[in-house]
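Take a look at the structure below.
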There are 2 protein chains.
Amino acid sequence: MTTRNADIRVAIFEDNKLVRDAYEAIFSGTNGFACTGVFTDCTDLDFKIRKSAPDVVLMDIEMPGMDGIAATQQITSAAGAPSILMQTVFEDDEKIFAALCAGAVGYILKTSSPVQLLQAVSEVVSGGSPMSPQVARRVLKLFQHHAPHATVSDTETLSEREKEILTLMVNGNAARQIAEHLFLSYETVRTHLKKIYRKLHVVSSAGAVAKALKDRLV
Amino acid sequence: MTTRNADIRVAIFEDNKLVRDAYEAIFSGTNGFACTGVFTDCTDLDFKIRKSAPDVVLMDIEMPGMDGIAATQQITSAAGAPSILMQTVFEDDEKIFAALCAGAVGYILKTSSPVQLLQAVSEVVSGGSPMSPQVARRVLKLFQHHAPHATVSDTETLSEREKEILTLMVNGNAARQIAEHLFLSYETVRTHLKKIYRKLHVVSSAGAVAKALKDRLV
DNA sequence: CCAGTTTTCACCCAGTTGGGGTATAGATGC
DNA sequence: GCATCTATACCCCAACTGGGTGAAAACTGG
């Protein structure tokens with residue numbers, strides 16, 4: 001460490017100058033924190049990370065060139081990588097999902113106060129994942145069912161047998177295999193399949209499988 | 001509503017008497033909150049929920065008889081169900097995962113202070129998902145681990161064109177439709193499909209769709 | 001007991017699918 | 001330049017699929 005042992009080393013990736021300067025001032029001017037790098041984009045990303053050797057990277061999710069999500073993926077793929085705290089102006093389910101999949105450990109809004117920001121970074125260092133309860137709820141929603149189309153009404157019109165057959169289909173079985181598996185005649189399985197297609201408003205096995213997985217019918 | 005309009009109605013499920021009484025005291029004795037039900041177990045669960053009509057259910061994750069996870073599942077499966085805030089003594093990855101899958105919207109530790117507890121319940125009501133940064137990190141870990149199977153190696157062997165065609169298939173298109181959509185000949189699309197099947201190790205469109213969705217290839 | 005639903009099975013038929021070839025044009029790479 | 005890859009396109013053929021119709025057995029709830 002080149003800084004005092006208690007200092008948390010923070011690197012900032014942010015394309016907006018006003019925000020960038022504000023962040024730099026906050027971390028540079030607060031005891032216990034050190035701003036070891038301020039960057040406007042992700043070119044030479046590996047070099048910038050090595051040079052600033054941060055404990056925590058504050059990463060803007062939207063940046064020109066390589067965006068924050070791609071950068072997060074690249075940074076976290078290395079061994080001993082720093083923790084990455086994403087920041088965004090507005091919650092966007094898809095982006096949140098992508099950022100967390102990419103390996104970000106926390107998520108804060110740009111509307112957070114300086115105190116909240118410092119606290120969030122501290123929490124990241126001590127092994128936490130700070131995020132606003134609102135963002136946490138969104139993450140949970142994605143987590144609970146990545147595609148919550150929730151066609152409950154349709155699910156329930158499917159009989160037990162039909163769900164059973166749909167499940168087998170999702171697991172890659174063709175009509176003939178399903179028949180063998182359930183000790184049914186091939187024609188019976190086909191009859192079931194036709195009814196399933198009508199109920200799900202699809203016209204092919206591929207469509208049925210897609211609907212089953214997207215709507216969590218199985 | 002039988003209570004003042006600003007009051008948040010809370011129902012408590014907790015088998016330990018000391019904890020139970022403490023919680024009741026906290027919610028009964030704080031302005032803006034009303035404790036509308038205190039229960040030691042989940043027998044007659046539906047009745048207890050209907051009777052107490054809570055906005056938020058504070059649910060112990062471990063209880064004799066039906067545990068808090070099963071109870072959460074039952075409660076959230078009904079329409080217009082209350083939000084459920086889980087509480088536990090110690091973080092347990094599996095239990096956290098199960099509880100959130102069951103539909104809990106938040107998660108707090110029993111070591112939380114009364115103020116934190118009240119704040120957590122308030123956050124639930126206003127659409128948030130309160131959880132300690134430590135718990136959030138665990139959720140994220142499970143989330144990152146469970147959700148993105150990301151068979152990157154296999155995905156990347158699919159060419160851009162192949163991914164494009166696979167996406168169209170997932171969206172319910174047959175070979176003929178894909179051909180029209182991409183201004184390709186029917187036979188060309190079929191050639192692509194055959195290559196996709198070989199790469200994904202499947203033998204049908206249904207299998208390809210299942211793999212694409214399960215492994216998030218599209 | 002009767003009506004309705006589910007489950008089971010069968011046949012017909014046009015169209016599609018999956019597997020196997022073969023081949024040409026363009027891009028990439030050494 | 002030559003190898004390789006990708007995208008494009010076509011052919012054959014057996015098998016499967018999806019739609020329709022019909023019908024019997026079993027169960028469900030009045």
Side-chain angles (χ1 to χ4, degrees), chain A residues 66 151-218, chain B residues 46 77 150-218:
Chain A
M66 179 190 276
T151 316
V152 182
S153 48
D154 279 10
T155 314
E156 278 164 342
T157 64
L158 281 187
S159 71
E160 280 311 307
R161 201 50 154 175
E162 288 162 354
K163 277 189 239 175
E164 198 176 5
I165 286 172
L166 185 55
T167 305
L168 285 168
M169 197 166 22
V170 168
N171 289 332
N173 296 284
R176 210 126 237 159
Q177 273 100 64
I178 297 175
E180 277 170 36
H181 199 275
L182 298 179
F183 305 106
L184 292 176
S185 96
Y186 172 58
E187 287 299 331
T188 301
V189 172
R190 273 158 49 72
T191 301
H192 283 301
L193 288 178
K194 291 168 192 173
K195 298 189 81 173
I196 292 171
Y197 295 166
R198 243 179 285 177
K199 288 185 179 179
L200 298 185
H201 311 297
V202 298
V203 290
S204 67
S205 61
V209 168
K211 191 139 200 151
L213 287 172
K214 285 179 182 172
D215 292 357
R216 291 279 180 282
L217 302 186
V218 291
Chain B
D46 289 340
S77 66
T151 315
V152 182
S153 49
D154 277 13
T155 314
E156 279 168 339
T157 63
L158 282 187
S159 70
E160 280 311 307
R161 201 46 151 179
E162 287 162 355
K163 278 189 238 174
E164 198 176 4
I165 287 173
L166 184 55
T167 305
L168 285 168
M169 199 169 16
V170 167
N171 289 332
N173 296 283
R176 210 127 237 158
Q177 273 99 61
I178 297 175
E180 278 171 35
H181 199 276
L182 298 179
F183 306 106
L184 291 177
S185 97
Y186 171 59
E187 287 300 330
T188 300
V189 172
R190 274 160 49 71
T191 302
H192 283 301
L193 288 178
K194 290 168 194 173
K195 298 189 80 174
I196 291 171
Y197 296 165
R198 244 178 288 174
K199 287 186 179 179
L200 298 186
H201 312 296
V202 298
V203 291
S204 68
S205 62
V209 168
K211 190 137 201 152
L213 288 172
K214 285 177 182 172
D215 291 358
R216 302 194 201 291
L217 301 186
V218 292

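Computed from a prediction, not measured in an experiment: that's the story for all the values here. Quick note on labels: first sequence line is chain A, next is B, and so on, each numbered from 1. Note: hydrogens, waters and symmetry copies are ignored here, and every other heavy atom, side chains too, is used.
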For this session: Would you mind reporting whether B:L182 and B:V189 have side-chain heavy atoms less than 4.5 Å apart?
Result: no
Seminar exercise, completed: Between the CG atom in B:L184 and the CZ atom in B:R161, the distance rounded to the nearest 0.5 Å is 4.5 Å
Exercise. Can you tell me how far P of C:dG21 sits from NZ of B:K195, to the nearest Å?
Worked result: 14 Å
For this session: Kindly indicate whether the side chain of B:L166, heavy atoms from C-beta on, has any atom under 4.5 Å from the side chain of B:L200.
Result: yes
For this session: Without swapping roles, check the side chain of A:Q177 against the backbone of A:A174 for a donor-acceptor pair under 3.5 Å.
Result: yes
Exercise. Does the side chain of B:T188 get closer than 4.0 angstrom to OP1 or OP2 of D:dA9 through an N or O atom?
Worked result: yes
Problem set entry | Side chain of B:Y197 (C-beta onward), nearest among C:dG19, D:dA7, C:dC11 | C:dG19
Problem set entry | Proximal nucleotide (of C:dC12, C:dG19, D:dA9) relative to the A:R190 side chain | C:dC12
Exercise. Can you tell which of C:dT8, C:dA10, D:dC10 lies closest to the side chain of B:T191?
Worked result: D:dC10
Exercise. How close or far is atom C1' of D:dA7 from atom CZ of B:R198, stated in whole angstroms?
Worked result: 15 Å
Problem set entry | A:K163 NZ to C:dT6 P, straight-line distance once rounded to whole Å | 12 Å
For this session: Mind checking B:S205 for me? I need base, sugar-phosphate or nothing, with any heavy atom below 4.0 Å counting as a touch.
Result: sugar-phosphate
Exercise. Which atom pair, heavy atoms only, marks the closest approach of B:Y186 to B:A175?
Worked result: CE1-CB, 3.7 Å
For this session: Quick one: do B:H181 and B:L168 satisfy side chain to side chain contact (heavy atoms under 4.5 Å, CB included)? Show the steps, please.
Result: CA-CA 9 Å; B:H181 199 276; B:L168 285 168; 4.1 Å; yes
Problem set entry | A:H192 side chain near A:I178 side chain, heavy-atom distance below 4.5 Å | no
For this session: Using whole Å, report how far CZ of A:R161 lies from P of D:dC27.
Result: 13 Å
For this session: Look at A:H192 and C:dT8 and indicate whether a side-chain polar atom (N or O) is within less than 4.0 Å of OP1 or OP2.
Result: yes
Exercise. For C:dT7, does OP1 or OP2 lie under 4.0 Å from any side-chain N or O of A:S159?
Worked result: yes
For this session: Give a yes or no on whether a donor-acceptor pair under 3.5 Å exists between the nucleobase atoms of D:dG18, that is its base, and the side chain of A:K194.
Result: no
Problem set entry | Rounded distance in Å - CG (B:L200) to C1' (C:dG18) | 15 Å
For this session: Would you mind reading off the distance between B:N173 atom CG and C:dT17 atom P, rounded to a whole angstrom?
Result: 11 Å
For this session: Mind listing the residues from residues 174-186 of chain B sitting with a heavy atom below 4.0 Å of DNA chain D? Number order is fine.
Result: B:L184, B:S185
For this session: Starting from C1' on C:dT6, measure out to CD on A:E162 and report it in whole angstrom.
Result: 8 Å
Seminar exercise, completed: Comparing nearest nucleotides in DNA chain D, the 5'-proximal residue of the pair B:E187, B:E160 is B:E160
